[in-house]
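Before any comments, here is the structure.
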Amino acid sequence: MTAPVVPPFVVRAPFDADSAGDFILRVSDGTEFKVLRAILSVASCVFRDMFDTSSELSNEKQEITNLPVVKIEEDAETTQTLLQMLYPIDPPSINSVHLAHKLITAFDKYFISLAKLQFHLRNLLKEDQYIKQDPIFCYSLAWKLGWKEEAVGASRHTHTLDLIDSAVAGPIVSLSGDLEAFLSLLRLRNLREKALDEILSLVQPRKFGICSADRPHPPAVVVLEDYHKRRAHLVQALKVPNPNCEDIETFLGFTGGTSSGYALSCPSCQEGWRARLVVIRASTVAALQRYPQAITQ
């Protein structure tokens with residue numbers, strides 16, 4: 001089976017072959033960008049030194065233009081987006097967490113001020129669809145840039161992460177540049193653990209109401225599942241950014257029955273049970289509003 005043919009990257013003006021320029025940037029896949037040394041040298045001292053070194057050593061020249069070539073490790077997409085940010089032209093759109101990640105790495109590598117990125121990234125970090133793609137990166141980046149609101153919002157998507165895993169903890173610290181970013185998530189995780197029993201205690205194994213039916217029958221009671229099973233299920237249910245407790249019986253692991261172990265069959269008891277569920281659901285919604293879902297800053 002032959003591999004699909006990947007079309008060549010299309011270099012846009014003002015970096016294509018017909019544009020003005022005095023240097024060639026050749027990226028990892030061989031794509032070439034014609035650039036103006038003066039613009040890139042002002043934006044980055046690393047670029048300035050690369051151009052100076054290339055000129056002094058009379059390195060490789062581009063065959064057609066005879067312009068000096070500077071090779072860089074970035075891919076074509078990252079390079080074109082980076083150049084669009086540095087040139088006085090319309091800014092690019094960043095609609096991918098993967099691209100944002102590559103740009104952050106490039107900006108750090110070339111000592112370019114992150115202020116040029118902030119305007120473009122802020123909207124990205126407000127969208128759940130992007131945060132879900134890479135919550136570690138989005139949370140750490142928001143922390144790095146000092147965006148409290150975005151960091152708090154992104155922390156709601158970290159509940160499924162294993163914070164003890166070095167593959168999770170390491171990137172959070174390195175990307176944010178601050179150990180406190182990781183410690184804040186640890187404190188949030190501990191607070192969530194302590195608050196679980198408050199929610200579980202909203203349902204107790206006891207009788208409810210007095211049946212008005214004429215025919216005597218075993219009293220209606222709240223039937224709880226095993227505590228550890230209920231707790232484990234609740235932990236999973238609370239890992240989503242915005243938990244839904246509409247199905248309150250499944251959410252808290254209980255049901256209505258009789259003291260003799262039978263399901264409710266009495267219409268009066270069933271009506272009383274529905275009323276009980278309304279009360280428990282309202283109490284749970286209130287408890288979820290208090291339940292720690294995000295870091296505090």
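No chain of hydrophobic side-chain contacts below 4.5 Å, direct or via other Ile, Leu, Val, Met, Phe, Trp or Tyr residues, connects V42 to I72. There is a path of hydrophobic side-chain contacts, each under 4.5 Å, that joins L186 to I136.
Defined by atom type and a distance below 3.5 Å, a donor-acceptor pair is present between the side-chain atoms of D29 and T31. D108 and T105 form no side-chain donor-acceptor contact under 3.5 Å, judged by distance and modelled atom types alone.
By the neighbour-count criterion of 12 heavy atoms within 6.0 Å, atom CD of E149 is sparsely surrounded, having that number or fewer from other residues, nucleotides or ligands. In the displayed structure, D165 atom CG is contacted under 6.0 Å by more than 12 heavy atoms of other residues, nucleotides or ligands. Heavy-atom contacts from other residues, nucleotides or ligands closer than 6.0 Å to NZ of K109 number more than 12. Within 6.0 Å of atom NZ in K239, more than 12 heavy atoms from other residues, nucleotides or ligands are found, so the atom counts as buried in its surroundings. By the 6.0 Å contact criterion, CZ on R187 is enclosed, its count of non-hydrogen atoms from other residues, nucleotides or ligands being greater than 12.
Looking at M85 and L103, their side chains come closer than 4.5 Å, going by heavy atoms from C-beta outward. By the 4.5 Å heavy-atom criterion applied to side chains, P243 and Q293 are counted as neighbours. Taking 4.5 Å as the limit, every side-chain heavy atom of K34 sits out of range of all side-chain heavy atoms of F15. At least one side-chain heavy atom of E249 sits less than 4.5 Å from a side-chain heavy atom of W273. The side-chain heavy atoms of L163 and V168, taken from C-beta on, include a pair separated by under 4.5 Å.
Interatomic distance, CZ of R276 versus CD1 of I248, reported as 13.0 Å (0.5 Å rounding). Here NZ of K229 is found 9.5 Å from NE2 of H233. Values are rounded to the nearest 0.5 Å. To the nearest 0.5 Å, atom CG of residue D49 and atom OG of residue S44 are 8.0 Å apart. For the atom pair L196 CG and R231 CZ, the distance stands at 4.5 Å (nearest 0.5 Å). Distance check, rounded to the nearest 0.5 Å: OG of S166 to CD1 of I172 gives 11.5 Å. Rounded to the nearest 0.5 angstrom, F9 CZ and T79 OG1 are separated by 8.0 Å.
Judged by distance alone, with hydrogens and angles left aside, the side-chain atoms of H157 form no donor-acceptor pair with the main-chain N or O of Q133 at under 3.5 Å. Between the side chain of R230 and the backbone N or O of L200, at least one donor-acceptor pair lies under 3.5 Å. Put simply, the side chain of Q118 never gets that close to the backbone of L145: no donor and acceptor are under 3.5 Å apart. Although no hydrogens or angles enter the test, the distance criterion places a donor-acceptor pair under 3.5 Å between the side chain of T158 and the main chain of S155. Without hydrogens or angle criteria, K71 side chain to R26 main chain gives no donor-acceptor distance under 3.5 Å. Under a 3.5 Å cut-off, the side chain of S41 and the backbone N or O of A38 do not form any donor-acceptor pair.
For the pair F23 and L67, the tightest heavy-atom approach, listed with the atom from each and the gap, is N-CD1, 4.2 Å. The minimum heavy-atom distance linking L188 with A294 is given by the pair CD1-O, 3.5 Å. In terms of heavy-atom proximity, R281 sits nearest to E246 at NE-O, 3.0 Å. Between L121 and A100, the closest heavy-atom pair is CD2-CB, 3.6 Å. Nearest heavy atom pair, residue A142 against residue A151, reads CB-N, 3.5 Å. Nearest heavy-atom pair, I131 versus L125, reported as atom, atom and distance to 0.1 Å: CD1-O, 3.4 Å.
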Atom pairs and distances, donor-acceptor, side-chain atoms in residues 283-292, under 3.5 Å, two or more places apart:
residue: S283; atom: OG; partner: V279; partner atom: O; Å: 3.1
residue: T284; atom: OG1; partner: I280; partner atom: O; Å: 2.8
residue: R290; atom: NE; partner: E198; partner atom: OE2; Å: 3.4
residue: R290; atom: NH1; partner: A286; partner atom: O; Å: 3.4
residue: R290; atom: NH2; partner: E198; partner atom: OE2; Å: 2.7
residue: Y291; atom: OH; partner: R192; partner atom: O; Å: 3.1

**Step-by-step side chain to side chain contact (heavy atoms under 4.5 Å, CB included) determination, V70 to T53** = CA-CA 10 Å; V70 172; T53 302; over 6 Å; no

**Request:** With side chain to side chain contact (heavy atoms under 4.5 Å, CB included) as the test, would you mind laying out the steps for R274 and V278 before giving the verdict?
**Result:** CA-CA 6 Å; R274 287 190 291 270; V278 171; 5.9 Å; no

**Request:** Given side chain to side chain contact (heavy atoms under 4.5 Å, CB included), test Y139 with I295 step by step and report yes or no.
**Result:** CA-CA 11 Å; Y139 169 75; I295 62 170; 3.7 Å; yes

**Request:** Mind running side chain to side chain contact (heavy atoms under 4.5 Å, CB included) on W147 and K126 for me, showing each step along the way?
**Result:** CA-CA 11 Å; W147 295 342; K126 288 180 178 290; over 6 Å; no

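S28 meets the side-chain hydrogen bond (donor to acceptor under 3.5 Å, both in side chains) test with no other residue; sequence neighbours excluded. Partners of F137 under the ring-ring contact (aromatic ring centres under 6.0 Å, His included) rule, at least two apart in sequence or in another chain, are H101.
If you run salt bridge (charged side-chain N to carboxylate O under 4.0 Å, His left out) between E150 and each of R156, K144, R122, only R122 comes through.
Ring-plane geometry between F51 and F47 is classed as parallel, the angle between the planes falling under 30 degrees on a 0 to 90 degree scale with a further cut at 60.
Between D52 and R37 there is a salt bridge, since a side-chain N of the basic residue sits under 4.0 Å from a carboxylate O of the acidic one.
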